[in-house]
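This report concerns only the one structure given below.
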Amino acid sequence: MVRVKSRYLLCEVNVSDRSRLLLLDDRAVAAAVKAAVARIHGDYGAALLSIRFSVKYLNAHTGIVFLRFPKSSYKLLWSALPFITCIETRGQEIPCFLNCLHVGGTIRTCQKFLIRYNTQQLQRMLPKCKDEEERKQVQKAILSCYLTGGNKEAFEDELESEDDEEE
């Protein structure tokens with residue numbers, strides 16, 4: 001028996017008004033992606049995408065989306081993403097664009113990348129903290145990003161060494 005190969009695309013939905021993200025649902029994102037692929041690649045692209053394409057995960061609070069599609073057609077989908085300018089949901093058009101963060105062979109690799117990406121974003125926020133309490137909250141958020149069983153002590157040492165380098 002042959003294993004069916006899929007690719008998972010980790011995308012971030014960027015909008016100007018973050019409160020509009022809560023209006024998103026997976027069907028609206030899937031429809032916008034399918035429409036963009038059909039518009040750019042025609043009937044051929046639409047037919048390829050109709051096979052095993054799905055939105056596996058959507059976090060409306062952060063705007064993170066996992067898209068699953070066949071391995072053979074991932075370049076078609078990837079090339080059509082920049083042409084998504086709005087997503088229509090619940091009778092409203094949400095102007096947005098999709099930023100591709102990672103292409104992976106499994107959901108697990110995408111999740112690992114997302115953890116590293118979120119940690120990097122939080123570390124970028126660390127120097128911008130106004131007071132010590134806010135700094136501790138960001139450090140706590142960074143520590144909570146790690147998978148269970150991760151080495152938190154090594155990460156705390158790394159944070160302290162970064163603080164020493166900045167001074």
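- At least one donor-acceptor pair closer than 3.5 Å links the side chain of Arg20 to the backbone N or O of Glu93.
- In terms of the ring pair (Phe, Tyr, Trp, His ring centres under 6.0 Å) criterion, Tyr117 has no residue partners (sequence neighbours excluded).
- You'll find the side chain of Thr85 stays beyond 4.5 Å of the side chain of Pro95, heavy atoms only.
- Annotation: side chain of Phe97 is not in contact with side chain of Pro82 (no heavy-atom distance under 4.5 Å).
- Smallest separation of non-hydrogen atoms from Leu23 and Thr89: O-OG1, 3.3 Å.
- Between the NZ atom of Lys112 and the CD1 atom of Ile107 there is a distance of 13.5 Å, given to the nearest 0.5 Å.
- Closest approach of Leu67 to Cys11, counting heavy atoms only: CD1-SG, 4.3 Å.
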Contacts under 3.5 angstrom, residues 33-53 side chains, donor-acceptor by atom type, not counting sequence neighbours:
unit_1, atom_1, unit_2, atom_2, d
Arg39, NH2, Phe83, O, 2.7
His41, NE2, Leu76, O, 3.3
His41, NE2, Ser79, OG, 2.9
Ser50, OG, Ala47, O, 2.7
Arg52, NH2, Lys5, O, 3.1

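- A distance of 7.5 Å separates CG in Leu101 from CG in Leu114, rounded to the nearest 0.5 Å.
- For the residue pair Gln111/Arg108, the side-chain donor-acceptor check at 3.5 Å is not satisfied.
- Under the 4.5 Å side-chain criterion, counting only non-hydrogen atoms from C-beta, Phe113 is in contact with Leu10.
- Side-chain contact between Tyr57 and Val65 is absent, with no heavy atoms from C-beta onward closer than 4.5 Å.
- Residues Glu88 and Ala28 share a closest heavy-atom pair of O-CB, 3.6 Å.
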Would you check, one step at a time, whether the test side-chain contact (heavy atoms from CB on, under 4.5 Å) holds for Leu22 with His61? CA-CA 6 Å; Leu22 297 175; His61 295 284; 3.4 Å; yes
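- Counting only heavy atoms from C-beta outward, the side chains of Val13 and Asn99 never approach each other to under 4.5 Å.
- Note that CZ of Arg18 is 7.5 Å distant from OG1 of Thr62, once rounded to the nearest 0.5 Å.
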Apply the test side-chain contact (heavy atoms from CB on, under 4.5 Å) to residues Leu9 and Phe66: give CA-CA distance (whole Å), side-chain angles for both, the deciding distance (0.1 Å), then the verdict. CA-CA 6 Å; Leu9 196 63; Phe66 285 148; over 6 Å; no
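- When all heavy atoms of Gly104 and Thr109 are compared, the closest pair comes out as CA-OG1, 3.8 Å.
- Side chains of Trp78 and Cys100 form a contact here, defined as non-hydrogen atoms less than 4.5 Å apart.
- Between Val103 and Tyr8 the shortest side-chain heavy-atom distance does not fall below 4.5 Å.
- Transitive grouping of hydrophobic side chains (ILVMFWY, heavy atoms separated by less than 4.5 Å) brings Val55 and Leu77 into a common cluster.
- In the hydrophobic clustering of this structure, Val15 groups with Ile84; members are Ile, Leu, Val, Met, Phe, Trp, Tyr whose side-chain heavy atoms approach within less than 4.5 Å, directly or through other members.
- Between atom CD of residue Gln121 and atom CZ of residue Arg116 there is a gap of 13.5 Å, rounded to the nearest 0.5 Å.
- Within the model, atoms CD1 of Ile94 and CG of Leu21 stand 7.5 Å from one another, a figure rounded to the nearest 0.5 Å.
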